[in-house]
Amino acid sequence: MELLIFYPLALVSVILALFVVFNKSPIGSAVCLIGMMLGLAGVFILLQAHFLAILQIIVYAGAIMVLFMFVIMLLNLKDDDTKWKIRERNIFLSSATGVLIVGILYKIIDVTTDTKFDSPATVPDNFGTVEVVGTALFTDFVLPFEVASILLLAAMVGAVVLAKSKVD
Amino acid sequence: MIAAPEIDLISLAPVLVLSVFTMLVMLIDLFVGKNKSVLVFVALTGLLLAAVSSFAKTDWPVSSFGGSYVVDHMSVFFTMIFCLSSGLAILLSVDYNKRENIRVGEYYSLIMFCTVGMIILASSTDLIMIFLGIEIVSLCLYVLAGIRRGDTRSNEAALKYFLLGAFATGFLLYGMTLLYGATGTTKLAGIAEALSHAEVLSQPILVMGVVLLIAGFGFKVASVPFHMWTPDVYQGAPTPVTAFMAVGPKAAAFAAFFRVFTTAMPELAPTWEVLLSIIAVTTMFVGNLGAIMQTNIKRLLAYSSISHAGYILIAIIAKGSLATSALLFYMLSYTFMTFGAFSIVILLGRAGKENLELEDYSGLGFKAPLLGLAMSVFLLSLGGLPPLAGFVAKFYIFQAALNEGYVILVVLAVLNSAISLYYYLKVIVFMYMKEPKGDFQISLTPITLIIIIIGLIGTVQLGLFPGPVISLAHP
């Protein structure tokens, strides 16, 4: 049953990831990236990591994508720039990267097909749920949680100071 | 029903007091109009109360919040250093901000936020807390470095610092993650416990983690090869902020550096000792040889602070309780010398012309004998000449290292100390042996005078009678 949901999600994610690479315009790539992030969030939900899934959507599909879009807009692309420019082909670099990726993939397959991955350690049923994360946040990690508020306040004050002060 | 967490607010007293005063400064700023001097009083009161409240716990060491926060002699001593350095930085800014037309009330609250972060950094025994502390400190510094919006150098400094700093933070966090992955805990004591098992200790992932941690911390304390930002940022930032950066945040980063490596990873010492020794030696050489070339006093002091980071790294390599007290003593004496030197650098400048070239110091020695003398004392102390504080501080660090048998490291450090005297003396040569180029327009205000006197007393006192402070710094 899980696989029935997993395969379409994974397929969509992979296809969108390919679109990110092959898309003609940066904006199109960015939009495809959002879709891929959402697909990944779905995979996280299947893995019972609800909280991680929500974070994936808020942080990646939300905040980081806004940052990407912001940079793309900031560069203020003209019409002829809206397409990716392909740099001069460098055969040496391309083949070196290819070898590197094949090596990494080989190693990953080698490690993950190891026998100890056949029976992964069992995790509690509520592992990764919002409830467990919340409990940890308000008990074991209450101090970092509160200190983070100081960090955010300082960051906010700093951003306003830099942005609002007048330049002569 | 969730069990209520153990909360120990008394341990947190300095952080709480300072946070409250920081927000108070921000609020009062709204009502005072153009004249910001009342903020200075509130800020100084807050720092003083924070320093006092760090003694709220008397039976050290007290660990609280499930082992993620500790009050021990190191954290209390560092809290003192932070409050002192922030107080001096705020005092130093009063006249400077008037002259350079920095009329931002948030300036003071940012320095205080930074101090909150530094106290957290020096008192935390949990990687997450250390990370949060470093981020608070860094964020405030990015903004403080670029607070002169109209000045291109200041903008450059802030941007450079921000981009490289964000990158270094990534390294640091990655290192922490790997360490967590290998040991399964973020608490320093827990990591040390986990590392005592051979099967955890043999994981290659740990070496990666240690290397990345060294890179992250190395950036924050400006050690080679992560020092590239230092001269540009120190030169571009407003001078009181430069002095502040060279002392407080650096001391805080060293506190965390020291704590993480000596309390969490003593088992891994053979791995990181070698790496840190190489970094310490290159830091000293690059700092000192780089300083020789400089003609700008702020860049010279920046390179000098890089070389000092090299000496302090030796304290981390030496470990042990002697090294702890040597580190504390070094940071305290470094505070006095650095603020003294920078206060005179600020004093020589005037609106529109900061007079930062060494040439501008020509003849200071006979035009303003007392100022020249004070500057000479600070520079010679930075160079480590007896009977000043810098000498005793270096002596203690070298002694701690010799006790642990790091003879070559100490020999190289002493050699570097000799090299460093060359460029400190170069400034003194300019002050006493060259004809003045123009008139000095020095307007010595009472506040600057107080800072110079505090610096002088500290430098001489710690040099002649280090005993009481040493015994305070000793666990």
Side-chain angles (χ1 to χ4, degrees), chain A residues 49 51-52 55 59-60 63-64 67-68 70-71 74 104 107-108 110-112 114 116-117 120-124 126-168, chain B residues 2-8 11-12 15-16 18-19 22-23 26 64-69 101-107 109-110 112-114 116-117 120-121 124 126-151 155 158 162 186-187:
Chain A
F51 191 68
L52 207 58
L55 277 191
V59 175
Y60 281 92
I64 293 190
L67 212 63
F68 270 134
F70 180 71
V71 172
L74 194 71
I104 292 173
K107 189 68 192 166
I108 289 175
D110 186 42
V111 169
T112 48
D114 200 351
K116 74 175 169 188
F117 281 92
T122 49
V123 290
N126 55 3
F127 181 82
T129 55
V130 181
E131 188 191 349
V132 173
V133 175
T135 312
L137 214 52
F138 285 106
T139 53
D140 295 344
F141 296 96
V142 66
L143 187 58
F145 182 67
E146 296 295 336
V147 168
S149 64
I150 300 183
L151 173 65
L152 291 177
L153 181 61
M156 212 153 61
V157 171
V160 172
V161 166
L162 282 188
K164 289 287 275 186
S165 63
K166 291 196 184 74
V167 185
D168 303 327
Chain B
I2 303 166
E6 162 224 9
I7 293 193
D8 183 6
S11 290
L12 274 180
V15 173
L16 293 176
L18 208 53
S19 303
T22 310
M23 289 165 209
M26 275 196 291
S64 47
F65 293 97
S68 56
Y69 196 87
N101 222 2
I102 301 173
R103 301 205 184 279
V104 191
E106 285 84 3
Y107 180 92
S109 38
L110 280 172
M112 291 174 75
F113 265 132
C114 199
V116 173
I120 289 172
L121 202 45
S124 300
D126 182 326
L127 291 180
I128 299 178
M129 287 291 290
I130 288 174
F131 174 72
L132 285 171
I134 281 208
E135 274 306 271
I136 297 177
V137 171
S138 312
L139 273 173
C140 295
L141 287 183
Y142 302 148
V143 178
L144 283 170
I147 206 150
R148 285 188 298 180
R149 278 281 310 277
D151 185 280
N155 291 349
F162 173 68
T186 55
K187 309 258 190 295

Quickly, which of B:Val116, B:Ile120, B:Leu132 forms a side chain to side chain contact (heavy atoms under 4.5 Å, CB included) with A:Leu151? Name it, please. B:Leu132
The interface call for B:Ile136 against chain A, heavy-atom contacts under 4.5 Å, is both
Mind checking ring pair (Phe, Tyr, Trp, His ring centres under 6.0 Å) for A:Phe138 and listing every partner two or more places apart, or none if nothing turns up? A:Phe145
Do you know the tightest heavy-atom contact between A:Ala155 and B:Leu139? CB-CD1, 3.7 Å
What part of B:Leu12 is in contact with chain A, defined as an atom under 4.5 angstrom from a non-hydrogen atom: side chain, backbone, both or neither? side chain
Among A:Leu153, A:Val157, A:Ile150, find the residue that satisfies the side chain to side chain contact (heavy atoms under 4.5 Å, CB included) test when tested with B:Met23. A:Leu153
Please identify, among A:Val142, A:Thr135, A:Leu143, the residue contributing the most non-hydrogen atom pairs under 4.5 Å to chain B. A:Leu143
Region of A:Val147 in contact with chain B, defined by heavy-atom distances below 4.5 Å: both
